[in-house]
Amino acid sequence: MSGTARRSTADPRVPTAPAVAAVSVVAVVAVVAAVVCAAVAIAWAVAGGGYFWPRWVWFGVATTAAAAFLLGWTRRHPPGRRRRLAAGRAVLALIVPVDVTVWALSGGGYFWPLWSITAWSILFGGYVWVVSRLPDRREQELTTRVAVLAHTRRAVLDGQAAELARVERDLHDGAQARMVSLALSLGMAEDLVRADPEATARLLREARSTAVSALDDLRTVMHSIHPAVLADRGLAGALRALALDLALPVTVDGDAPAQLPAAVQSAAYFATAECLANAVKHSQATAGGISLRHDGAVLRIVVTDDGIGGADPAAGLGLRGVRRRLETFDGRLDLDSPPGGPTVITITVPHGPGRLQ
Amino acid sequence: MSRLRIVLAEDLTLLRDGLIRLFQAHDFEVVAAVDNGPQLVRDLVALRPDVAVVDVRLPPGHTDEGLRAALAARQQLPGLPVLVLSQYVEQLYARELLADGLGGIGYLLKDRVSDVGQFIAAVRRVAAGGTALDPSVVAKLLDSRRRPLDRLSPREREVLAHMAQGRSNAAIAASLVITEKAVGKHTASIFTKLGLQPSEDDNRRVLAVLAYLEG
């Protein structure tokens, strides 16, 4: 039965191994029950007939089969309120026919099941009333989850809009402005090429240096969007490259999962980069460390430094932005930075297939 | 100077044609121009050029295939001169390129192509077994607090930066507008202060300096 229940969550057309096992158990039990039913009937005939007592054995077998079926039906409902209501309905659906059958098998007469059925119906009504008014844990979980999702979705959209605005501003003030100046220099050089070759040469030199500066600007903007080394070498490689560029000796150990989604990879990279940038700027540390661990479901990055500690988790736009970005992936950032140090920051990001928590 | 044979790897047609024109104008012979990593390894091993000029990012993966291909070719042909060009530079990649200590390595931003004279000089230096490291990589090396460089005078740090890029005393003298003899004095002082073995060989010198800076 549990096999059937599990199958309903997967592809219903493909029976799982437990489902096949359950079906064969049911078949065996059915055959045994049929044999027992036939055996008691034969025993009754051999014993010479008389009162047909085997009907009570048949009744027992049928009741057990119905109970088993209703149990399985109940368990196919999702846990929580819906399963509790289904259990109530199953009990009612078993008791009413049993009462009526007992009345019929024992010879009929006064229809006493009327009273028991009425009693059971009233009881069931009360049960339904109580169950539907009880706060449901599952429902509460889902409500909280929806609230979290709505909040993080809003935050990520805001963050994305702000990020695009920043990229636009950087391009406008940097590369684009330099391109305008470059076009100007080239235009002037074109005008002067015959009249003043020396001035032309100077303008071309200027144009070249402006082009190089524009490339620098573009490189900076591109790196802030997505560092190329992240695409080249994955998270662990990119963090090793980052560690080499810092004005602080930072060791990197461990590895990241091979099939990390690009968005998670990027969020984890920028989170770590922000932590290290803070360490370089504020901690007066002489050494730092990055440690990567993962267990198939969760990626954990621990960033440490031996500096003065006392980092404030609430301060700094950077860390808040990082937290917001991590929350989109149900990730989190925990900061432990007592005065006097050391500072330990733990970044946790689930990366397995999406599931409800 | 004899015509140097070049294998060029660059997937953007515009840039590839530009580089071919540039090399031909400076009396290089471009023996092959390829646009992907696997072809590059095959051509390098088959043609054994005097120098390979390679874009880091190449098809099929558009990540660091060029770099990997160059390293793979150098495993088969140790010391094969390779100059890697890139839109961005990483110390990590510089270390990987220099790791075998055989020299003949260049690692430059693509922007440096715009200074034609210096770029061609860098290609020739790499072909001759020397080193051409991008100033921005060297700047990052000098910038990090890993190594005590406070003992060096500002001028010595300038000389060190040029030396780490792989330049000869003559080239350093020209670019700082001082005499070659003065450069010699600075380098000797740098080597003493950093506790390095002095070497007349430009290439061994730069490798010693880089090893020191990388820690």
Side-chain angles (χ1 to χ4, degrees), chain A residues 175 178 182 185-186 201 204-252 262 265 276 279-281 283-288 305-307, chain B residues 15 18 37 55-71 84-99 107-119 134-150 210 213-215:
Chain A
R178 289 188 203 281
L182 175 66
S185 298
L186 289 175
L204 287 176
R205 251 198 316 280
E206 260 177 45
R208 179 158 64 84
S209 108
T210 308
V212 169
S213 306
L215 284 171
D216 263 338
D217 284 341
L218 284 176
R219 202 165 13 249
T220 310
V221 174
M222 281 156 72
H223 189 274
S224 75
I225 299 171
H226 188 73
V229 68
L230 199 52
D232 292 357
R233 296 293 169 89
L235 182 59
L239 289 178
R240 289 200 166 86
L242 174 71
L244 285 176
D245 281 353
L246 291 171
L248 178 72
V250 173
T251 55
V252 184
Q265 189 166 276
L276 289 168
V280 170
K281 266 187 270 176
S283 77
Q284 300 171 29
T286 58
D305 73 64
D306 62 354
Chain B
L15 213 51
D55 182 10
V56 164
R57 186 177 289 194
L58 287 178
H62 290 284
T63 58
D64 56 350
E65 267 88 348
L67 180 82
R68 290 173 194 267
L71 290 172
V84 174
L85 291 176
S86 177
Q87 298 280 22
Y88 64 99
V89 286
E90 291 286 351
Q91 281 194 62
L92 182 72
Y93 295 174
R95 283 172 188 238
E96 290 177 5
L97 283 163
L98 293 164
Y107 184 40
L108 295 177
L109 273 177
K110 274 188 179 168
D111 318 11
R112 310 295 172 205
V113 176
S114 70
D115 191 335
V116 175
Q118 288 224 11
F119 176 66
D134 197 88
S136 64
V137 175
V138 171
K140 280 181 187 168
L141 284 173
L142 293 175
D143 190 38
S144 66
R145 274 187 247 152
R146 290 149 208 270
R147 294 271 143 181
L149 294 172
D150 322 341
L210 290 173
L213 289 175
E214 285 178 353

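We use all heavy atoms of the structure for the numbers below, so side chains are in, but hydrogens, waters and symmetry mates are not. Throughout, a chain's letter reflects where its sequence line sits, starting with A, and its residues are numbered from 1.
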Margin query: If we ignore hydrogens and angles and just use 3.5 Å, is the side chain of A:R240 paired with the main-chain N or O of B:L92 as donor and acceptor?
Written below: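 Judged by distance alone, no pair lies under 3.5 Å.
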Item checked: Over all atoms of both residues, closest heavy-atom pair of A:L244 and B:Q91 -> O-NE2, 2.9 Å
Check: Can you tell me how far the CG atom of B:L109 sits from the CG atom of A:L215, to the nearest 0.5 Å?
Finding: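 Going from CG on B:L109 over to CG on A:L215, the span is 9.0 Å.
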Notebook entry, point to check: Going from CG on A:L218 to CD on B:Q87, what distance comes out if it is rounded to the nearest 0.5 angstrom?
Noted result: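 Between atom CG of A:L218 and atom CD of B:Q87 there are 9.0 Å.
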Margin query: At a heavy-atom distance under 4.5 Å, which candidate from B:R57, B:E90, B:H62 has the highest pair count against chain A?
Written below: B:E90
Next item on the list: Identify the two heavy atoms, one from B:D111 and one from A:V212, that lie closest to each other, and give their separation to 0.1 Å.
Entry: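 Here B:D111 and A:V212 meet closest at OD2-O, 3.9 Å.
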Check: For A:D217, what residues pass the side chain to side chain contact (heavy atoms under 4.5 Å, CB included) criterion, not counting sequence neighbours?
Finding: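 A:D217: side chain to side chain contact (heavy atoms under 4.5 Å, CB included) contacts with A:A175, A:R178.
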Notebook entry, point to check: Taking every heavy-atom pair that is under 4.5 Å apart, which of A:R208, A:R205, A:R233 has the most such pairs with chain B?
Noted result: A:R233
Next item on the list: Determine which residues belonging to residues 220-231 of chain A lie within contact range of chain B, meaning some heavy atom pair is under 4.5 Å apart, and list them by number or answer 'none'.
Entry: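 Checking residues 220-231 of chain A against chain B gives A:A228, A:V229, A:A231.
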